[in-house]
Trainee: 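Have a look at the structure that comes next, please.
As the structure is a prediction and not an experimental result, all values here were calculated from the model. Indexing begins at 1, ligand by ligand and atom by atom, following the structure's order.
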Amino acid sequence: MEKTQIGLLGFGTVGQGVLQILQSREDLHIAKVLVRHLENYQGVKAPLTDNADEILSDPDIDVVVEVMGGLHPAFDFITRALEQRKSVVTANKAVVARYGPELLALAREVRQSFLFEASVGGGIPVLDALANHLSTVPIHSVEGVVNGTTNFILDQMDQGMSFAQALERAQRLGFAEQDPSADIDGWDSARKLTILTGLAFHSWVAAEDGVVEGISRVDASHIHRMREMGLGLRLVARAERHPDSIGFVVAPAAYPLSHRYLALHGSQNAIGFLSEAGATWLEGPGAGGVATATSIVSDIQRIRRSVPDREPITLLPSFVDSVDDTYVVFMHDPERPLPEVPHILRSGPGFMVVPHKLAELEGMVQYRYRAK
Ligand code: HSE
């Protein structure tokens, strides 16, 4: 059988992870790798180019893997690859969150596969679980801890570091995104939640239409006071289906120390789905070169194994409904006073904890959720 020829756009941590995994493969071959500056890769044993046309216009390349990150030119390259009748695999959550429906439609039109397992939860097969396994039952809610940088920063603050020191350390260790606000202000989690929501509820909710609050207003004293109350903090992304709207929120949330979220450290992620089948949880490495590359290679394998002339593989969303009972912490913001909230479970200087049941939080709904 002929090898599947792959063009790799981007050669950072994830791109290098893909190359590492594919080195031992007989069936999958990296034909070309796009890098920005060839001079930075002297001595690297890979077929490098700095000209995207050499990949996008090469008729021998079957699958384009985009791991450059950023919206542009990544979106333009993906579009061109599909138009050239190549299947595309990407890890780019910014592109998928913003342009997912458009790219899925284009892929269907040109009868190519468009897969993006690596864009949410790194090495955890979360989209496959959602779009295939759980597509048979209505899903009520999706939630998770999907950002490792904030796990790391919150843990460091728990150990006594200030927010600024912890962020600086996360950046030094290579955890944080290039622009750390994507992590700490919640946008990285929000993009992942948009993708999860798109597949779970068939509705691509833009982060701007939900509520996104990061951890930059959390300080070490909040964490210490919460710990005294037996609570710990994680940045949680959550979407729920309601009859006429979708609740979409990314916010620092407090949980008892025994909760699964508090056992996640560094790049570990956990994602849960509440469906007619019950609660399904997936946990694992949410970032890292080789971990994320396993999701990419698994997508490439699915494309290779797909039957010619059958429908190409795209991720199809499933059904819906509502519920739940976790806790959300709302940090006091002097600039934006919180509305009167019934059912405050606990509060202290700088924070309060309220149940997350929307039905009980009418005053909060306007503030936290904007109906679609
Ligand atoms: N910056 C992301 C994180 C990388 O901290 O989890 C993985 O998407």
Trainee: Does any N or O in the side chain of Asp188 come within less than 3.5 Å of the main-chain N or O of Asp183, such that one atom is a donor and the other an acceptor?
Mentor: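 Side chain of Asp188 to backbone of Asp183, a donor-acceptor pair under 3.5 Å: no, none is there.
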Trainee: Take a 6.0 Å sphere around CD of Glu26 and say whether it holds more than 12 heavy atoms from other residues, nucleotides or ligands.
Mentor: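 Atom CD in Glu26 is not packed in, count stays at 12 or less.
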Trainee: Between the protein and ligand 1, are there any N or O atom pairs that come within less than 3.5 Å of each other, and if so, what are their names and distances?
Mentor:
| from | atom 1 | to | atom 2 | distance (Å) |
| --- | --- | --- | --- | --- |
| ligand 1 | 1 (N) | Glu177 | OE2 | 2.6 |
| ligand 1 | 1 (N) | Asp183 | OD1 | 2.8 |
| ligand 1 | 5 (O) | Asn147 | ND2 | 3.4 |
| ligand 1 | 5 (O) | Gly148 | N | 3.3 |
| ligand 1 | 5 (O) | Thr149 | N | 2.9 |
| ligand 1 | 5 (O) | Thr149 | OG1 | 2.7 |
| ligand 1 | 6 (O) | Gly148 | N | 2.8 |
| ligand 1 | 8 (O) | Lys93 | NZ | 2.6 |
| ligand 1 | 8 (O) | Lys192 | NZ | 2.8 |

Trainee: Hey, is CZ on Arg98 packed in by over 12 heavy atoms from elsewhere, all under 6.0 Å?
Mentor: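 Result for CZ/Arg98: open.
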Trainee: Please say which of Ile296, Ile78, Leu8 ends up in a side chain to side chain contact (heavy atoms under 4.5 Å, CB included) with Glu66.
Mentor: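 So the option named by the test is Ile78.
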Trainee: Any donor and acceptor pair, going by atom type alone, linking the side chain of Asp299 with main-chain N or O of Glu117 inside 3.5 Å?
Mentor: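 Confirmed, Asp299 side chain pairs with Glu117 backbone.
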Trainee: If you count every heavy atom of other residues, nucleotides or ligands that lies below 6.0 Å from Arg227 atom CZ, does the total exceed 12?
Mentor: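 At most 12 heavy atoms, drawn from other residues, nucleotides or ligands, come within 6.0 Å of this atom.
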